[in-house]
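Down below is the structure, laid out as structure tokens.
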Amino acid sequence: MLQQIGSLFRGKFGNIKIRLNSNEEKFLRGLRNILFSVFCIGASLVSTNALAGETLGARKIVGLGCHNTNGVCFVTLDGGAFGATLGCSVGATNDFRFDNGDTANGKRTYAALVAASIAGKSVSVYVDGCTSQGYPNLIYYYVAS
């Protein structure tokens, strides 16, 4: 019975053709172009935000430390300044920071960076956003062998 009803509707409504006058066609084309433009702008904003951080190639650590009053740790790298694209209040700098130095992840990060510094190894880091003090924020790091 359902098959009969389905075939009845397919026969009745399957061949519907809508005819539009030229003004309606222009309106629909314009609407399609506007929607496509909005989609493209939205997609570009999403991809811009996804790529907003900075990847710093292999650099040597020339200084590091942590504040003894809170969980903020800082690292100074050799080479050119970075962070200008992040919009942090300190502007371009050779320092990055991380606010979670007093957590398990922060302690592990600090220990790895101290070991890299002592061993003279280079680190590659990715910074994005700003810390509570207005410096580039560490997202991840890699110690080169």
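Quick note: residue numbers are just sequence positions, from 1. Computed over heavy atoms, backbone and side chain alike; hydrogens, waters and symmetry mates excluded.
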Problem set entry | side-chain contact (heavy atoms from CB on, under 4.5 Å) between F82 and V125, intermediate numbers included | CA-CA 11 Å; F82 54 87; V125 299; 5.8 Å; no
Give the minimum heavy-atom separation between [X] and [Y], together with the two atoms involved.
X	Y	result
G134	C88	O-CB, 3.0 Å
C130	G87	SG-C, 4.1 Å
L86	G53	CD2-CA, 3.9 Å

Check: [Y] main-chain N/O paired with [X] side-chain donor or acceptor under 3.5 Å:
X	Y	answer
T109	N105	yes
D99	S132	yes
E54	G83	yes

Exercise. Hey, does V123 have a side-chain heavy atom less than 4.5 Å from the side chain of S117?
Worked result: no
Side-chain donor-acceptor contacts of residues 61-80 below 3.5 Å, not counting sequence neighbours, with atom names and distances?
residue, atom, partner, partner atom, Å
N70, OD1, V72, N, 3.0
T76, OG1, D95, OD1, 2.6
D78, OD1, K60, N, 3.0

For this session: Assess whether side-chain contact (heavy atoms from CB on, under 4.5 Å) is satisfied between L138 and F96, documenting all intermediate values.
Result: CA-CA 6 Å; L138 174 67; F96 67 83; 3.6 Å; yes
Exercise. Any link between F98 and V114 through a network of hydrophobic side chains (Ile, Leu, Val, Met, Phe, Trp, Tyr) touching at under 4.5 Å?
Worked result: yes
Exercise. When clusters are formed by joining ILVMFWY residues with side-chain heavy atoms under 4.5 Å apart, either directly or through shared neighbours, do V127 and V143 land in the same one?
Worked result: yes
Exercise. Excluding sequence neighbours, so at least two apart, what forms ring-ring contact (aromatic ring centres under 6.0 Å, His included) with Y110?
Worked result: none
Problem set entry | For Y142, ring-ring contact (aromatic ring centres under 6.0 Å, His included) partners two or more places apart | none
Problem set entry | Nearest-0.5 Å distance, OH of residue Y140 to CG of residue D128 | 10.0 Å
